[in-house]
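Since the structure comes first, as structure tokens, the remarks are kept for the end.
Each chain gets a letter, A, B and so on, in the order its sequence line appears, and its residues count up from 1. FYI, side chains are in, hydrogens and waters are out, and symmetry mates aren't considered; it's all heavy atoms of this structure.
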2 protein chains.
Amino acid sequence: MSKSPVSGRALTKNKILDAAEELFAEHGFAETSLREITAKAEVNLASVNYHFGSKKSLIESVFDRFMESFTNQLMTEMAELDRGGEKVTVTAVLNTLVNPLIKIDDIRPNGSSVFMKLLGKAYAETQGHIRRFAMDRYSHVLARFTRLLHKASPDVKPSEMFWRLHFMLGAFIFTLAGHEALQEISESDFAQKVSVKEIISKLIPFLAAGFSTNEIPHNYLSAGEA
Amino acid sequence: MSKSPVSGRALTKNKILDAAEELFAEHGFAETSLREITAKAEVNLASVNYHFGSKKSLIESVFDRFMESFTNQLMTEMAELDRGGEKVTVTAVLNTLVNPLIKIDDIRPNGSSVFMKLLGKAYAETQGHIRRFAMDRYSHVLARFTRLLHKASPDVKPSEMFWRLHFMLGAFIFTLAGHEALQEISESDFAQKVSVKEIISKLIPFLAAGFSTNEIPHNYLSAGEA
DNA sequence: CATAAAATTAAACAACTGTTTGAAACATAC
DNA sequence: GTATGTTTCAAACAGTTGTTTAATTTTATG
């Protein structure tokens, strides 16, 4: 009813988003105050509530901006794989994630890093209920991804697919959300600098092998019970 | 110099720890106030600072109580596997985690669930730097675990081992930290109730297969660059 | 019992939180 | 120009935060 600026550049709004996403990724949502955000953005404190209504909806806006960019790119990649000549393997499906992720760096420096840190924080703070939220809001993306995985592994049952998909998601987000700490440890303990791209190139074969295992779960837990 | 009660039961201290760990796991550290904790524990507000000094050190104490129990059990399990007749496979090594985890339920209801949720929160809030902290404080446990993995897979280089170990850790913690959300989704979407034990029995083959992949990482990222 | 140490309590502290207000500044249209 | 709607601003709001204080009660020790 009175949202979009008539012809202005919505500069303040973007400055807030820029500052917020960085601080949120670095320190978490609850640990970042609006005053820190507005100070970094060099705007007035009240402008957050003016432009976004509340802190909660600012958080959602920060997310939306990332997700819109990411999911659009991902849909394109998946469409390309689906129609293209390349054989649809699990590895190929996982690889559709890579370009959309690192493309975020084109928009802003360290974008993919910020994005993954943000995702990690969001999952933890909402007790994983952001899973449901994201699955609802981007159900079409997830459905397409799942369909491709099914194409690559037709024998995996839907319910089994669900679990393996979320195992992959877990390793992916968790690893990349904490990639800076891992990079530091790798450098100090093995004298090896490892870029995010290299981490991903190690991670994807790991995930693909995990997904493709056809081992029947044994009764691991039957022994040693009181 | 004046810490341990001379003969008393340290009841207040434990009541605080019990209440804190539950609230921390449910809502996060920053989102839980000392007043909520002391209200739930039915103790005076000031007793937190009296017994623990600060909120920060209360958080650490909550962690220590879990980790001490867990790592002790784990060390026993690993020692058993290491000396015992059973062949040391990656799956067997991963299985040493299971009993120490579910044994926490004996100490208090839903203990393992609380523990995993706590771990997930801690990793996110500290940007993964709890990794370094945990790796320092429990380096002997991690070293033993790594040694067993090496015994199961002698061909994997230490630096490669490091990454695969943390991929496994990521999938493990991330999945179990959000297991309640996953259980809900599984039940609503597939009409399947899946217990934590069952999740773990699906997860371990996944991790083992991922760890044991000998695929050489290709240059996934060379194509499609601007 | 007397004494000293330990533990609990209600109250207050200063700092910080997200949000609201009403006036000022700005831009745009007539 | 005036009028209109949008955006910015400093200030204040009411509420919550972790922590400290000083008095009191409880517990243990001689």
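Computed from coordinates, the L58(A) CG to dT17(C) C1' distance equals 15 Å when rounded to whole Å. Rounded to an integer number of Å, the gap from K13(B) NZ to dT8(C) P is 11 Å. Note: CD (E31(A)) to P (dT17(C)) measures 12 Å, nearest angstrom. Whole-Å rounding puts the L45(B) CG to dT9(C) P distance at 11 Å. Rounded to whole angstrom, the span from the CG atom of L23(A) across to the P atom of dG18(C) amounts to 12 Å. One can place CG of N14(A) at 12 Å from P of dT8(D), the figure rounded to the nearest angstrom. Distance K15(B) NZ to dT8(C) C1': 11 Å, rounded to the nearest Å. To the nearest angstrom, P of dG18(C) lies 4 Å from CG of L34(A).
Toward the 5' end of DNA chain C, the nearer of the two residues Y50(B) and R35(B), judged by each one's closest nucleotide, is Y50(B).
Annotation: E68(B), atom CD; neighbour count of heavy atoms from other residues, nucleotides and ligands within 6.0 Å does not exceed 12.
Across all strands shown, T38(B) has no heavy atoms under 4.0 Å from either base or sugar-phosphate atoms. Here S33(B) lies in heavy-atom contact (under 4.0 Å) with sugar-phosphate atoms only.
A salt bridge does not link E198(B) with K193(B): none of the charged nitrogens is closer than 4.0 Å to a carboxylate oxygen. Between K40(A) and E22(A), at least one side-chain N (NZ, or NE/NH1/NH2) sits under 4.0 Å from a carboxylate O, which counts as a salt bridge. Salt bridge annotation for R164(B)-E160(B): present, with a cationic side-chain nitrogen under 4.0 angstrom from a carboxylate oxygen.
Between N44(A) and the phosphate of dT7(D), there is no side-chain N or O to OP1/OP2 separation shorter than 4.0 Å. A close approach under 4.0 Å does occur between a side-chain nitrogen or oxygen of T12(B) and OP1 or OP2 of dT8(C). Applying the 4.0 Å criterion to OP1 and OP2 of dT8(D), one finds that H51(A) has a side-chain N or O inside that range.
Distance CD1/I199(B) to NE2/H166(A): 11.0 Å, rounded to 0.5 Å.
Residue A46(B) has its side chain nearest to dT20(D) when only dT19(D), dT20(D), dT19(C) are considered.
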